[in-house]
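Notes for the one structure printed next.
Basis for what follows: all heavy atoms, side chains included, without hydrogens, waters or symmetry-related copies.
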Amino acid sequence: MSERAEEGLSALLHETRTFPPPEDLAKSANAQPGIYAEADADRLAFWEGQANRLTWVEPWSQVLQWDMPFAKWFVGGRLNVSVNCVDRHVDAGLGERVAFHWEGEPGDTRTITYADLQKAVCQAANALTELGVRTGDKVAVYMPMIPETVVAMLACARLGAPHTVVFGGFSSDALRGRILDCDAHFVITADGGYRRGAPSALKPAVDDALAGCPDVRKVLVVQRTGQEVAWDDGRDVWWHDVVPRQSEYHEAEAFDAEHPLYIMYTSGTTAKPKGILHTSGGYLTHVAATHNLVFDLKPGRDVFWTAADIGWVTGHSYIVYGPLANGTTSVMYEGTPDTPARDRWWQLVEKYKVTILYTAPTTIRTFMKWGEDLPAQHDLSSLRLLGSVGEPINPEAWIWYRTHIGGGRCPIVDTWWQTETGGIMITPLPGVTATKPGAAMTPFPGIGVDVIDDEGRSVHNDEGGYLVLTEPWPGMLRGIYGDEERYRETYWSRFSGRYFAGDGAKRDQDGDLWLLGRVDDVMNISGHRISTTEVEHALVSHPAVAEAAVVGADDATTGQAIVAFVTVKGHTDTEGEAGAALVKELREHVAKEIGPIAKPRQIMLTPELPKTRSGKIMRRLLRDVADDRPLGDVTTLLDPTVVNAIKDHMAEGGGEDKE
Ligand code: WTA
């Protein structure tokens with residue numbers, strides 16, 4: 001790489017702004033500066049201390065048994081996850097504390113206290129038992145964002161019946177594949193849920209899926225929308241027919257710390273999703289500890305809102321298990337942020353006096369696109385802490401989030417983790433860390449992280465490489481369900497003894513960590529490695545750009561060439577000459593920000609980027625478009641027409657570099 005380009009790359013990531021923690025937050029923060037040294041001195045003792053925050057029926061005899069790559073945490077310990085999330089708070093006299101302020105998309109609301117939750121979970125556990133669910137049986141959950149979804153998960157956990165929650169936006173094929181892969185014999189679903197102002201059906205997808213699942217015996221159906229549903233009398237059971245008539249008492253059995261809690265499917269590099277297996281004691285310890293320390297959670301005072309779907313790991317760990325283990329009051333919202341209007345979230349923050357908000361950069365950039373006057377119309381002064389998760393957050397979005405949502409006073413925790421890690425791994429601590437816009441900063445106490453090169457050597461400060469985890473951690477996946485070989489191969493084969501996360505990262509001058517996106521998103525241009533994220537950062541730092549996705553396209557001369565897909569803000573003119581001028585300007589802008597080597601070969605101005613239903617930009621599809629290949633799987637796309645529109649525009653020669 002030319003010296004100029006090298007300089008440009010490091011300049012982009014050399015964010016000089018830092019934001020120290022607010023003094024009063026620092027003074028009373030759950031995590032104080034000494035926590036890093038404490039965990040460094042004795043990692044296992046640190047985690048043992050965190051495990052002791054939970055209620056165990058039997059203590060463990062050994063903190064960790066590590067037979068690489070298989071870990072057992074809190075060996076011999078026994079506990080019930082559901083009791084830890086619900087009953088013990090009621091037993092402590094906190095039954096009247098609100099567990100969830102739930103808001104349906106149409107505006108209906110429910111307030112659920114810990115005492116309410118206990119009753120509901122016990123009744124649901126009794127109902128599942130009546131339907132034949134036994135410890136060890138797998139239960140598929142395909143639900144909208146309603147309280148019964150949480151109740152269903154906790155009832156499964158109470159019975160030791162691992163759940164596999166399938167995001168309600170997935171197709172019937174995807175649901176069938178997951179049911180078959182984990183051999184679930186029971187399904188919990190609803191007639192539908194509300195999305196974008198209308199009922200959106202779920203039951204028909206279950207019916208479709210089950211046509212290919214002969215072993216599913218019972219389907220428990222919550223009535224949410226009142227839609228017409230097809231009914232199989234021998235198989236389908238209404239929730240309201242069986243759950244409310246059950247006893248409100250259920251004696252919970254304690255399970256081994258390593259008893260399976262859930263399986264969550266996530267996509268890998270092949271077409272077949274991986275069933276990521278999580279177990280009980282270590283997982284709950286990890287999510288409770290991180291939720292308490294990263295979000296500085298003050299139970300009884302804070303109103304916490306993870307604005308994600310329960311169908312993703314973020315929802316499992318930071319709507320359900322972490323917050324409930326800590327006796328948190330949470331907000332849960334059913335619908336989309338733009339229904340009935342684009343300020344719905346800010347209405348909710350104002351209404352429930354939310355103090356901590358946790359969301360994804362893609363959402364933040366959407367709000368940027370919609371304009372800061374929307375949050376400005378609401379009183380957001382209850383907020384005291386903001387979180388980000390799911391993708392690298394560009395400094396512009398970080399600053400916008402801080403300024404327009406956090407009122408310039410709330411610290412931002414940019415948290416890196418994965419479905420596989422179960423809980424947060426790299427993050428600032430809000431009372432300790434002076435944050436840098438765009439950096440996830442440092443490993444959580446008790447977590448071992450390294451950035452290494454191709455040969456497995458640690459990189460120096462100011463260098464990039466592969467992110468690996470160097471020590472087993474309590475919330476780690478215990479495997480890929482039914483595929484031990486794939487588990488070893490995917491995570492443990494590339495660098496011996498270390499977990500390969502699949503992400504690129506960079507240590508800055510101070511040794512702080514910046515995530516650079518998946519390494520499969522790293523491009524190689526004329527032998528120079530450039531991260532798609534870095535080019536995206538450069539593009540979105542241009543005032544006209546709302547969002548950008550960059551992919552490496554095949555190029556006969558340079559190996560790969562950079563192709564960028566860009567959505568613009570508000571009223572920017574993208575037609576004809578104005579569009580061409582903007583494309584030219586953007587190429588120059590990237591050249592200026594990073595160096596001429598990073599100039600995109602093509603920039604496509606497009607009204608939307610193709611995204612998965614969880615909000616991730618589908619770069620694989622964009623690569624297909626850029627390479628003019630037939631389109632791969634689009635079933636997880638939020639709006640499949642977007643890609644075709646981009647493809648057509650591309651075929652007309654849009655955005656070509658004519659120089
Ligand atoms: C990415 C979501 C940068 C990363 C919890 C990881 C992030 C993948 C961040 C896991 C972050 C998540 N900064 N990148 N703060 N958080 N990622 O399994 O590429 O849906 O490997 O888990 O998201 O996504 P998953």
Side-chain angles (χ1 to χ4, degrees), residues 12-26 294-296 302-307 337-338 341-350 352-415 427-431 433-441 512 514-515 533 536-548 567-572 589 593 615:
L12 183 67
L13 285 179
H14 189 90
E15 248 293 340
T16 48
R17 292 170 285 192
T18 60
F19 296 88
E23 253 172 55
D24 46 340
L25 191 150
V294 174
F295 298 108
D296 188 40
D302 277 316
V303 178
F304 180 78
W305 185 13
T306 289
D338 52 354
R342 288 174 167 183
D343 64 345
R344 185 69 183 271
W345 277 29
W346 317 126
Q347 273 177 23
L348 292 174
V349 168
E350 183 170 6
Y352 295 109
K353 301 202 169 14
V354 173
T355 59
I356 303 166
L357 176 66
Y358 189 34
T359 187
T362 184
T363 315
I364 298 164
R365 289 192 296 263
T366 301
F367 291 134
M368 283 173 76
K369 202 158 102 179
W370 290 347
E372 53 255 24
D373 46 321
L374 294 173
Q377 286 159 17
H378 295 275
D379 178 6
L380 307 183
S381 62
S382 56
L383 287 170
R384 67 178 193 94
L385 180 61
L386 303 173
S388 173
V389 61
E391 23 165 348
I393 180 165
N394 48 303
E396 294 71 25
W398 196 101
I399 293 286
W400 189 92
Y401 195 27
R402 186 184 155 88
T403 310
H404 297 289
I405 307 304
R409 57 176 196 282
C410 303
I412 295 178
V413 286
D414 173 14
T415 62
T427 177
L429 290 177
T433 315
T435 53
K436 302 173 184 175
M441 300 301 293
D512 293 322
W514 297 69
L515 278 306
T533 311
E536 287 167 9
H537 279 192
L539 284 165
V540 295
S541 73
H542 186 281
V545 173
E547 199 161 27
T567 64
V568 296
K569 281 185 193 149
H571 306 295
T572 313
H589 181 73
E593 290 286 310

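Looking at Lys436, its side chain never comes within 3.5 Å of a backbone N or O of Met441 through a donor-acceptor pair. A distance-only check finds no donor-acceptor pair linking the side chain of His537 to the backbone of Pro395 [under 3.5 Å]. Not a single donor-acceptor pair under 3.5 Å links the side chain of Thr403 to the backbone N or O of Gly408. Not a single donor-acceptor pair under 3.5 Å links the side chain of Thr355 to the backbone N or O of Ser382. Although no hydrogens or angles enter the test, the distance criterion places a donor-acceptor pair under 3.5 Å between the side chain of Thr567 and the main chain of Glu547. Asp302 places no side-chain N or O within 3.5 Å of a backbone atom of Phe304 that could act as its donor or acceptor partner.
Considering only heavy atoms from C-beta on, His589 stays 4.5 Å or farther from Val545 through its side chain. The shortest side-chain heavy-atom distance between Arg384 and Ile356 falls under the 4.5 Å cut-off. In this structure, Pro411 and Leu25 have side chains that are in contact, with non-hydrogen atoms separated by less than 4.5 Å. Taking 4.5 Å as the limit, every side-chain heavy atom of Glu391 sits out of range of all side-chain heavy atoms of Glu536. A heavy-atom distance below 4.5 Å is found between the side chains of Val354 and Leu383. Side-chain contact between Val349 and His378: absent, with no pair of heavy atoms (C-beta onward) separated by less than 4.5 Å. Put simply, the side chain of Trp346 reaches to within 4.5 Å of the side chain of Phe367, judged on heavy atoms.
Using bins of under 30°, 30° to 60° and over 60° for the plane-to-plane angle, the ring pair Phe295/Tyr358 lands in the perpendicular bin. Note: Trp398 and Phe19 have tilted aromatic rings, judged against thresholds of 30 and 60 degrees for the angle between ring planes.
Heavy atoms only, all atoms of each residue included: Val540 and Ala548 are closest at CG1-N, 3.8 Å. For the pair Asp512 and Trp514, the tightest heavy-atom approach, listed with the atom from each and the gap, is O-CD1, 3.5 Å. Of all heavy-atom pairs between Pro428 and Val413, the closest is O-CG1, 3.7 Å. Of all the heavy atoms in Leu386 and Cys410, the pair that sits closest is CG-CB, 4.0 Å. Among all heavy-atom pairs drawn from Ala397 and Arg365, the shortest one is CB-CG, 3.9 Å.
Crowding of Lys353 atom NZ: a count of heavy atoms from other residues, nucleotides or ligands under 6.0 Å not exceeding 12.
Taking CD of Gln347 as the start and CG of Leu374 as the end, the distance is 10.5 Å to the nearest 0.5 Å. Within the model, atoms CG of Leu515 and CG of Asp414 stand 7.0 Å from one another, a figure rounded to the nearest 0.5 Å. Distance CD/Glu396 to NE2/His542: 12.0 Å, rounded to 0.5 Å. Rounded to the nearest 0.5 angstrom, Ile412 CD1 and Ile364 CD1 are separated by 7.0 Å. To the nearest 0.5 Å, atoms CG (Asn394) and CH2 (Trp400) are separated by 12.0 Å.
Side-chain contact of Thr359 with Tyr401: a donor-acceptor pair under 3.5 Å is absent, judged by distance alone.
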Intermediate values then yes/no, side-chain contact (heavy atoms from CB on, under 4.5 Å), Val294 and Leu429: CA-CA 5 Å; Val294 174; Leu429 290 177; 4.3 Å; yes

